Q: 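Provided herewith is a single structure, encoded as structure tokens, for subsequent inquiry.
Just so we're clear, the structure is a prediction, and the values are computed from it rather than from any experiment.
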Number of protein chains: 2
Amino acid sequence: MNEHTPIRVLLVDDHPLVRDGISSRLQEEPHIEVVGQAGNGREAIARAHELCPDVVLMDITMPVMDGLEATRRFKAELPEVRVLILSMHDDQEYIVKLMHDGANGYVLKDVSSDELIKAIEAVHQGSTYFSAGASQSLFNNFHGRPGGHEPVLTRREETVLRLIAEGQCNKDIARSLNISVRTVETHRQNIKGKLDIHTAAGLARYAIEHKLVAL
Amino acid sequence: MNEHTPIRVLLVDDHPLVRDGISSRLQEEPHIEVVGQAGNGREAIARAHELCPDVVLMDITMPVMDGLEATRRFKAELPEVRVLILSMHDDQEYIVKLMHDGANGYVLKDVSSDELIKAIEAVHQGSTYFSAGASQSLFNNFHGRPGGHEPVLTRREETVLRLIAEGQCNKDIARSLNISVRTVETHRQNIKGKLDIHTAAGLARYAIEHKLVAL
DNA sequence: ATTCAACTCCGTATTACTGCGTATTTTTCC
DNA sequence: GGAAAAATACGCAGTAATACGGAGTTGAAT
């Protein structure tokens, strides 16, 4: 990297304390300059237009506009800006979506600040950076199970699962979907078989975890 | 506060990056010294025994041992240590529980680092500190509903609910808690009565919604 | 036209859970 | 120390869900 012009970083996280902290740590590095901060995606884009940062270090979960949407906007409006995602969640689904939307790297919040700095340098140079946990996830997802070990539910099964997770009993579900209770039972059985989950509560948990239902 | 002996702070958060950041920021204050860090509650207690910090700055959600349990342990084993909770969630239930367990303050992660420093100073002096959002919550909780329309589960019921939401069946729960299946059934019954929820899936949903279980 | 997966429905036997009741022992609190 | 709340335990009739099994229909693949 160029020692004479520091890497200009825009910090985006909805927690000022976390921003302040990371900012404070990054300022210790002479070749990195935190040129601004933002508390959500919309702010981030506005500030980026003013500040022309090299790298945007962005959290995913934020109010107003989250990291996913913001990444899309960045790639549309300011494609020259490198987007480095900083997330708490080692979540394949997120990672895949984000990379698809043009993010240049993904770093878990449980890395050291040294590794974060390496990541910033890497994406600034044009590389793509994944922290250890994240790349592991991706690898598993793409290569580990070609057929997809993730049991995939059919559309109908997913619908039924959603209703179960909403707290409806089989009778209610049958009425909702205009099918017989027996059919609902069969779906339920098949779902449990596929997911290897054997209680209704477990199914609800699964559904929420996989974002089939909102809370 | 005494300018000659800095406030000794132990930083507890499961994200090294967040720890590093906050640590870096706190070190800028001459009257505060970060004497150590820990990644979960158990580590925190071990380190506290070695380091004798004045203030423990602790996250709630952590692996191995979370902030709630850790706070209880601190108050039992090291009552002279002041515990300042640092949380992302402006959640009445958490706050009430924590204060009951002896925490000395509660700061949301969306405060500025300046306010965090004030909070550390306050609890070190023996005061109790709430960040703006948190105290607002408490106020609402105590005054808004005198009778308390929110159905409150007992500790045991909460435990049972947690296990249900984790997908265990009554038999498993009974074994886990060393009580009879009938008793679990009774708890389940009482929980459903209090919450007016009538399916296991609904209970799981409730538990997740109210952060009794992690996903 | 055949094949396949998804969706639908059912029988039977078993197990799990519900709803309602009661009762004893701890804990907690004043 | 005594009242109140919580936790524990049990009975029992009834309902819901599970775990097996089998089977007919439909629509898309092509």
Q: Could you report the tightest heavy-atom contact between Asp54(B) and His124(B), atom names first, then the distance?
A: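 Distance-wise, the nearest heavy atoms are CB-CD2, 3.6 Å.
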Q: Just the rounded figure in Å: distance from P of dC9(C) to CD1 of Ile173(A).
A: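 Checked: the CD1 to P distance equals 14 Å.
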Q: Please report, rounded to the nearest Å, how far the P atom of dT15(C) is from the CD atom of Glu185(B).
A: 15 Å
Q: Picking from dC10(D), dT8(D), dA17(D), which would you name as closest to the side chain of Cys169(A)?
A: dA17(D)
Q: Base, sugar-phosphate or nothing for His198(B)? Non-hydrogen atoms, less than 4.0 Å.
A: sugar-phosphate
Q: Look at Arg188(A) together with Glu185(A) and state whether they make a salt bridge at an N to O cut-off of under 4.0 Å.
A: no
Q: Would one find a side-chain N or O of Ser180(A) under 4.0 angstrom from OP1 or OP2 of dT8(C)?
A: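 Checking Ser180(A) against dT8(C): no side-chain N or O falls below 4.0 Å of OP1 or OP2.
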Q: Separation of Ile191(A) atom CD1 from dA17(D) atom P, in whole Å?
A: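 To the nearest whole Å, that distance equals 13 Å.
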Q: Look at the side chain of Gln189(A) and decide which nucleotide, out of dC9(C), dC20(C), dC20(D), has an atom nearest to it.
A: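 Out of dC9(C), dC20(C), dC20(D), the nucleotide with an atom closest to Gln189(A)'s side chain is dC20(D).
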Q: Against Asp20(B), only a single residue in Ser113(A), Ser112(A), Ser24(A) fulfils side chain to side chain donor-acceptor pair (under 3.5 Å); can you say which?
A: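 Result for side chain to side chain donor-acceptor pair (under 3.5 Å) with Asp20(B): Ser113(A).
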Q: Choose from dC20(C), dT8(D), dC17(C) the nucleotide whose nearest atom is closest to any side-chain atom of Asn170(B).
A: dC17(C)
Q: In whole Å, what is the span from the CD1 atom of Ile179(B) to the C1' atom of dA6(D)?
A: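 Rounded to the whole Å, the gap is 13 Å.
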Q: Is there a side-chain polar atom (N or O) of Arg182(A) under 4.0 Å from OP1 or OP2 of dT8(C)?
A: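 Checking Arg182(A) against dT8(C): no side-chain N or O falls below 4.0 Å of OP1 or OP2.
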Q: How long is the line joining CD of Gln168(B) and P of dA16(C), in whole Å?
A: 14 Å
Q: Is the phosphate of dC7(C) approached by His187(A) (side-chain N or O, under 4.0 Å from OP1 or OP2)?
A: no
Q: Can you identify which nucleotide, out of dT8(C), dA6(C), dT8(D), has its nearest atom closest to the Thr154(A) side chain?
A: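 Looking only at side-chain atoms, Thr154(A) lies closest to dA6(C).
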Q: Under a 4.0 Å N-O cut-off, is there an ion pair linking Arg47(B) with Glu50(B)?
A: yes
Q: Tell me whether the side-chain N/O atoms of Thr183(A) come closer than 4.0 Å to OP1 or OP2 in dC7(C).
A: no
Q: Mind checking if Arg156(A) touches a base, just sugar-phosphate, or nothing, with heavy atoms under 4.0 Å?
A: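 Counting heavy atoms under 4.0 Å across all strands, the contact made by Arg156(A) is with sugar-phosphate only.
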Q: What's the CG-P distance between Asn190(B) and dA23(C), to the nearest Å?
A: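 Rounding to the nearest Å, CG of Asn190(B) and P of dA23(C) are 17 Å apart.
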Q: Please determine whether a side-chain nitrogen or oxygen atom of Thr186(B) lies at a distance below 4.0 Å from atom OP1 or OP2 of dC10(D).
A: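 The answer is no; no side-chain N or O of Thr186(B) sits under 4.0 Å from OP1 or OP2.
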Q: dT8(D) P sits how many Å from Glu157(B) CD, rounded?
A: 10 Å
Q: Tell me which nucleotide among dT8(D), dT8(C), dC17(C) gets nearest to the side chain of Arg188(B).
A: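 Per side-chain heavy atoms of Arg188(B), the pick is dC17(C).
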Q: Could you state the CZ-C1' distance from Arg155(A) to dA5(C), rounded to the nearest angstrom?
A: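 About 12 Å, once rounded to whole Å.
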Q: Can Arg72(B) and Glu69(B) be counted as an ion pair, charged N to O under 4.0 angstrom?
A: yes
